[in-house]
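Note: hydrogens, waters and symmetry copies are ignored here, and every other heavy atom, side chains too, is used. Each ligand, and each atom within it, is numbered from 1 in the order the structure gives.
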Amino acid sequence: MLRVPVHKIQPGMILARPVPLPSDPFRYLLQRDIEIPMDLVPRLKQLGILEVWVRHRDLEFLEEIIDEELSDRQREVYMNVRRNFESIMHDSNTELDMVNFQQSISELFTFLKKTSCPDILLQKLDAFDNYLMSHSTNTCYLALLLGMKLERYLIDQRRHKTARDAKDLHLLALGCLLHDIGKMQISKKILHKPGKLTDEEMAEMQRHPNYGYDMVKGSMPAPATQIVLNHHQRFNGTGYPKRTDYKTSAELPAPADRQIPIFSRIAIMADIYDAATTRRCYSEAKPPVQVLHEMRTWCRGFFDPVVEEAFYRTVPAFPIGQIVTLSDGVEAVVVDFNPDYPVRPKVQCLRTPDGRRFEHPALEEIDLALHIDLEIVSVDGTDVRPYMASQESAESVLALV
Ligand SMILES: [Fe+2]
Ligand SMILES: [Fe+2]
């Protein structure tokens with residue numbers, strides 16, 4: 001199967017996965033195995049659905065790699081968050097439903113642990129109609145994947161705990177799920193403003209970690225509440241909120257480096273990545289390769305280097321199933337991720353430069369890590385070359401000169 005951007009859907013394409021309804025993810029807008037009706041394509045766009053999975057004769061093996069159970073687990077987390085957040089919106093006295101959150105997090109975590117290579121699954125929740133809730137779910141999921149890669153570091157950084165407790169990720173997931181809950185107290189006018197925020201509006205927006213912390217502090221343990229308070233703290237000390245001296249109320253500098261709890265150092269990466277790869281009222285969704293480039297360049301210094309290294313080895317610049325164009329003009333599909341060469345995945349050729357299909361069984365697989373004369377140049381018509389150099393590994397760059 002292939003990931004096909006909605007605007008590239010063509011007559012005759014058959015769905016390999018159902019398309020859930022963004023307003024009710026347990027109901028399907030379109031079932032699997034049906035031909036996508038062309039008159040429904042504008043509706044898909046309108047609903048914010050960016051891509052669909054379609055069948056492809058020579059790529060059936062991807063259907064086994066990309067496990068559907070992941071989407072089910074993610075949807076359950078999302079629905080729990082949504083039910084609870086919506087009742088809080090209607091009645092501010094409603095309590096956070098920690099028991100349900102913990103249960104759906106546990107199911108997602110158990111699923112990820114039993115999967116032999118969970119990062120190959122890396123895919124965000126389908127398009128859902130509420131940004132705060134889907135962003136919370138995605139941040140929780142990404143942080144879990146990242147935390148699983150960082151077990152040893154967690155044991156080192158949380159020395160006051162036994163090794164078993166230090167690498168327990170339930171509270172990381174819970175804190176990430178609720179990291180932006182303080183945004184429920186920010187006015188919709190500011191939250192959904194399409195243009196640039198004024199200084200006052202920005203100051204109010206930056207209070208959401210404090211608002212959130214006040215909402216959760218009595219109801220969950222400190223490692224999780226600290227994420228709500230500290231998920232915008234940057235490793236180089238340029239984050240927010242600033243601290244205040246509780247005796248004098250004087251402003252203290254924001255924490256930096258290892259003063260920031262390790263779970264928050266993980267949360268900030270998952271948070272920034274998900275926000276940038278999602279469509280918002282003020283910006284379009286950016287492709288992963290662009291976001292990863294921006295995180296490596298514009299956000300230099302924001303992240304704990306150990307967490308950062310693990311992140312780039314977890315999140316693929318080109319997701320499996322994505323269609324890309326190579327520098328020789330061939331259209332290909334990404335079939336694997338190589339953490340040592342993040343922008344040089346394995347691909348399988350689909351079409352020749354003049355648009356002819358590679359005929360079965362002559363589909364050619366190319367490992368771009370071994371073919372340094374070839375590279376990915378565009379994704380869905382977007383030139384990605386400006387984003388590549390920052391992500392080439394030292395070895396492959398050296399090999400090119
Ligand atoms: Fe936030
Ligand atoms: Fe966030």
Colleague: Need one value: angle at the Fe ion (ligand 2), His135 atom NE2 versus His179 atom NE2, rounded to 10 degrees.
Modeller: 90°
Colleague: Measure from the Fe ion (ligand 1) to every N/O/S atom of His208 and report the name of the nearest one.
Modeller: NE2
Colleague: Round to 10° and report the angle made at the Fe ion (ligand 2) by OD2 of Asp180 and OD1 of Asp271.
Modeller: 180°
Colleague: What is the NE2(His231)-the Fe ion (ligand 1)-NE2(His232) angle, to the nearest 10 degrees?
Modeller: 90°
Colleague: When Ile266 is tested against each of Leu146, Asp271, Leu142, Asp304 for side chain to side chain contact (heavy atoms under 4.5 Å, CB included), which residue passes?
Modeller: Leu146
Colleague: Considering only NZ, NE, NH1 and NH2 on the basic side and carboxylate oxygens on the acidic side, decide whether Asp367 and Arg344 come within less than 4.0 Å.
Modeller: no
Colleague: So, His232 versus His179, ring centres under 6.0 angstrom or not?
Modeller: no
Colleague: Between Thr278 and His135, does any side-chain donor sit less than 3.5 Å from a side-chain acceptor?
Modeller: no
